[in-house]
Amino acid sequence: MFTSFLIKYAEIGVKGKNRYLFEDALVRQIRHALHKCDGTFQVHKSQGRIYVDALSAFDFDETVERLQTVFGISGICPVMTVEDQGFEQLGKDVISYMAETYGDKKLTFKVAARRARKNYPMDSMEINMEMGGVILDAFPEMRVDVHDPDVYLHIEIREKIHIYSTIIPGLGGMPVGTGGKGMLLLSGGIDSPAAGYMIAKRGVKIDAVYFHAPPYTSERAKQKVIDLAKQLSRYTGPVYLHVINFTDIQLYIYDKCPHDELTIIMRRYMMRIAELIAEETECLGLITGESIGQVASQTMHSLAVTNEVCTLPVYRPLIGMDKQEIVEIAEKIGTYETSILPYEDCCTIFVAKHPVTKPNAGVIRRHEQNLKDKIEELVKTALETKELIVVE
Ligand code: ATP
Ligand code: MG
């Protein structure tokens with residue numbers, strides 16, 4: 001019955017002069033999301049709206065599911081399109097639309113006609129009245145309510161006639177690519193994929209960096225991160241994943257620094273290296289999955305000490321969330337099952353029994369002096385041997 005979708009977008013509607021940039025980005029993202037679906041689609045802008053027209057047979061559920069991965073879409077309206085063959089035929093079409101969509105449910109409705117083609121012989125008020133009557137005759141359980149109806153039945157008279165009433169919720173947010181690019185520190189945990197999702201939702205393109213510590217972390221742990229990047233890419237588009245071999249740096253820190261400060265010093269080196277890659281790849285900020293108080297390295301004190309090594313802004317979209325709220329996001333975006341696979345994580349391999357929870361920046365800086373002989377060389381080597389994996 002449905003041959004196209006009207007795409008509703010919320011925030012990008014209010015971008016003034018730049019609106020077309022957002023719309024074009026949205027059209028691009030929709031095309032990208034649909035290119036692997038069964039069926040051929042035409043995605044186009046018309047009179048301030050975005051339409052997805054099916055040009056062949058297509059799988060309705062699959063298509064909707066795909067559209068529900070595109071940031072910037074607030075709602076997806078399946079549209080029945082019919083030829084203009086006079087009002088009587090339109091009445092029949094509307095009845096079959098209502099029967100198919102609602103059966104003869106007890107509900108209230110309002111017809112909202114729009115005459116975009118002015119040579120149609122009835123104006124929108126007349127269409128509303130007449131069509132209301134047609135529906136009431138056909139469905140005795142239904143009632144008209146012009147103030148707060150259950151169903152708004154849209155009838156748009158264009159070259160053809162478009163009929164729609166249901167809105168399937170979209171993800172909201174902004175089209176990816178309209179908000180610059182960020183470097184996500186992606187581990188195998190629950191939090192960082194959720195953090196990447198949250199930032200991408202605001203239109204930011206995501207690159208990622210993973211710190212790998214073979215042989216302490218296995219190939220399977222790395223594969224898990226690749227899998228997570230892949231799941232994220234459903235929403236963000238292709239992810240450039242930089243894999244850094246962190247083993248030598250970690251061992252060196254282990255060798256030279258107090259063990260209760262290992263995690264915090266290691267985190268500082270992760271941030272420094274991530275920032276170097278971010279600058280090289282034109283990312284405008286770093287993104288982590290930290291949340292205040294979740295672990296010792298995420299107290300306000302620890303975050304302050306981690307943060308001081310960065311000059312780029314560090315975005316922490318989960319900062320005020322409880323674990324359960326983060327788990328809900330991870331479940332929604334499909335990363336949770338992968339994240340809980342029990343492979344070792346380079347942050348946990350060398351953790352102290354009693355990590356500092358209130359590190360002092362001065363003390364940490366002093367202890368990092370113990371690394372001065374070799375650390376620059378190790379960071380340089382880590383960057384030179386970095387592996388780039390394009391995940392899509
Ligand atoms: P996650 O669930 O994202 O692993 P976490 O609760 O385990 O987070 P930490 O291990 O303290 O927290 O890591 C904090 C943040 O640092 C992570 O959210 C992630 O952004 C980054 N991070 C930690 N380990 C790595 C790693 N091996 N590679 C890349 N980023 C990492
Ligand atoms: Mg972790």
Side-chain angles (χ1 to χ4, degrees), residues 182-199 206-214 216-218 220-226 228-229 231-232 239-247 249-250 253 261-278 283 285-303 305-307 309-310 314-319 321-331 333 335-352 355-357 359 382 386-387 389:
M183 178 61 70
L184 171 65
L185 283 84
L186 182 61
S187 69
I190 296 169
D191 305 331
S192 42
Y197 172 89
M198 297 288 288
I199 296 289
I206 301 287
D207 279 0
V209 53
Y210 166 57
F211 295 91
H212 188 40
Y216 304 99
T217 56
S218 63
R220 288 194 308 180
K222 174 176 158 190
Q223 186 57 45
K224 176 178 163 181
V225 174
I226 297 171
L228 288 170
Q231 285 150 1
L232 259 188
V239 175
Y240 284 65
L241 174 64
H242 302 268
V243 180
I244 288 280
N245 186 326
F246 202 51
T247 314
I249 293 173
Q250 235 173 341
I253 299 172
E261 292 170 3
L262 280 183
T263 307
I264 196 87
I265 294 176
M266 207 174 72
R267 303 271 315 124
R268 283 162 62 99
Y269 277 97
M270 282 188 186
M271 299 300 258
R272 287 181 173 115
I273 292 171
E275 178 157 298
L276 290 171
I277 307 173
C283 289
L286 304 180
I287 304 156
T288 75
E290 291 158 316
S291 144
I292 292 175
Q294 203 187 70
V295 287
S297 59
Q298 297 177 25
T299 61
M300 285 283 274
H301 306 76
S302 297
L303 290 170
V305 173
T306 309
N307 213 75
V309 302
C310 304
V314 181
Y315 296 100
R316 300 180 171 92
L318 311 181
I319 200 71
M321 289 190 189
D322 294 343
K323 195 74 189 185
Q324 187 51 36
E325 294 171 290
I326 301 169
V327 164
E328 278 162 27
I329 297 173
E331 284 175 332
I333 66 176
T335 53
Y336 182 73
E337 292 299 320
T338 306
S339 288
I340 57 174
L341 293 173
Y343 306 138
E344 53 314 286
D345 173 332
C346 86
C347 267
T348 48
I349 299 285
F350 297 95
V351 300
V356 283
T357 53
K386 137 174 112 57
E387 181 190 3
I389 304 173

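One-based numbering, in listed order, for ligands and for the atoms of each. Because the structure is a prediction, the values reported are computed rather than measured.
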Just distances here: any N/O of Val295 and N/O of ligand 1 closer than 3.5 Å? no
Closer than 4.0 Å to some heavy atom of Leu186 - which atoms of ligand 1 meet that? 28 (N), 29 (C), 30 (N)
Hydrogens and angles aside, do Thr357 and Thr299 bring a side-chain donor and acceptor to less than 3.5 Å of each other? no
If the cut-off is 4.0 Å to any non-hydrogen atom of Val209, which atoms of ligand 1 fall inside it? 29 (C)
In this structure, does ligand 1 have an atom that sits under 4.0 Å from one of the heavy atoms of Arg267? yes
May I ask you to list the atoms of ligand 1 that are less than 4.0 angstrom from any heavy atom of Gly189? 1 (P), 2 (O), 4 (O)
Using modelled atom types and a 3.5 Å cut-off, is there a donor and acceptor pairing between side-chain atoms of Thr217 and backbone atoms of His212? no
Those atoms of ligand 1 less than 4.0 Å from some heavy atom in Thr288: 20 (O)
Distance under 4.0 Å to a non-hydrogen atom of Ile190: what atoms of ligand 1 satisfy this? 2 (O)
So between Leu185, Leu184, Ile287, whose heavy atom ends up nearest atom 19 (C) of ligand 1? Leu185
Between Thr288 and Leu185 (side chain of the first, backbone of the second, donor and acceptor by atom type, cut-off under 3.5 Å), is there such a pair? no
In chain order, what residues pass the salt bridge (charged side-chain N to carboxylate O under 4.0 Å, His left out) check against Lys386, with sequence neighbours excluded? none
Measuring from atom 14 (C) of ligand 1, which candidate in Gln250, Gln298, Arg316 has the nearest non-hydrogen atom? Gln298
Within a radius of less than 6.0 Å around CZ of Arg220, do more than 12 heavy atoms belonging to other residues, nucleotides or ligands occur? no
Using modelled atom types only, decide if a donor and an acceptor are shared between the side chain of Glu331 and the backbone of Tyr336 within a distance under 3.5 Å. no
Under 4.0 Å from ligand 1, counting heavy atoms only, is it the side chain of Gln294, its backbone, both or neither? side chain
When only distance counts, is Lys323 in polar contact with ligand 1, meaning an N/O pair under 3.5 Å? no
Which atoms of ligand 1 have any heavy atom of Ser297 under 4.0 Å away? 11 (O)
Any idea which heavy atoms bring Ile273 and Ile244 closest together, and the distance? CG2-CD1, 3.9 Å
Can you list the residues that meet the salt bridge (charged side-chain N to carboxylate O under 4.0 Å, His left out) rule with Glu387, with sequence neighbours excluded? Lys222
